[in-house]
Amino acid sequence: QIANEAFIWMSELFALLTPGATGHYHRICTYIFTLSCIFVYLFMVGDYGNTEEHPLPSKYDNSTAAERFKWIVTDRGDSALAFKADYLIKWGARYLPYIKERNEHWRWFSNMLLHEGASHCFTNMLMFFTLSYHLERKYGW
């Protein structure tokens, strides 16, 4: 039974990743990258305020990720829609001194998943999805 289920699951996965007829490819990479960026941003929102460098206001003690998101978007004054630079570096932003001195070459790729704020994430994902949706459909992943 387990072998049959594994075979069915693997054949479905193979069919999903196999190109269809010319011009009708699956949009797997578009979906995966878009969702990855959104999930990373939401994890960053949930983590923001948990460190001494980025404290939450006292009214947000024991808050949920949704309440932290509200704080990041509305209650932070001049930098309402942005994470601080050192927070982005902590999450893997492209920071050349770390790439050179610490040999953290993975930062060349991890920065593609990071966004400074809600509007940055939304506009980037909207533009990416709009362009790549049609490109991936026509040319494949």
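What you see below is based on every heavy atom in this structure, not just the backbone, and it leaves out hydrogens, waters and symmetry mates.
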Is the ring pair Y133/F129 parallel, tilted or perpendicular, if the boundaries are 30 and 60 degrees?
tilted

Would you find a donor on one side and an acceptor on the other, under 3.5 Å apart, between the side chain of R107 and the backbone of I89?
yes

Taking all atoms of both residues into account, what is the closest heavy-atom pair of L113 and S36, and its distance?
CD2-CB, 4.0 Å

Taking all non-hydrogen atoms of both residues into account, name the closest pair between S11 and I8 and its distance.
OG-O, 2.9 Å

Would you say that T123 contacts L126 through its side chain, given a criterion of any heavy-atom pair below 4.5 Å between the two side chains?
no

Mark yes or no for whether T34, through its side chain, and Y31, through its backbone, hold a donor-acceptor pair below 3.5 Å.
no

Would you check if H115 and V40 make a side-chain contact, meaning some heavy-atom pair closer than 4.5 Å?
no

Residues which pass ring pair (Phe, Tyr, Trp, His ring centres under 6.0 Å) with F122, listed by chain and number, not counting sequence neighbours
none

About how many Å separate CG of D86 and CH2 of W91, when rounded to the nearest 0.5 Å?
14.0 Å

Any donor and acceptor pair, going by atom type alone, linking the side chain of Y41 with main-chain N or O of H120 inside 3.5 Å?
no

Check the hydrophobic clustering (I, L, V, M, F, W, Y; side-chain heavy atoms under 4.5 Å; chains of links allowed) and say if L42 and F128 are grouped together.
yes

Of all heavy-atom pairs between S110 and G92, which one has the smallest distance, and what is that distance?
OG-O, 2.5 Å

Considering only heavy atoms from C-beta outward, does the side chain of M44 approach that of Y87 to under 4.5 Å?
yes

Please report the interatomic distance CZ(R94) to CE(M112), rounded to the nearest 0.5 Å.
9.5 Å

Look up atom CD1 in I32 and atom SG in C37, then write down how far apart they are to the nearest 0.5 Å.
12.0 Å

Identify the heavy atoms of F33 and M125 that sit nearest to each other, and give their distance.
CE2-CE, 4.2 Å

Out of curiosity, does F109 fall in the hydrophobic cluster containing L88 (side-chain heavy atoms, cut-off under 4.5 Å, transitive links)?
yes

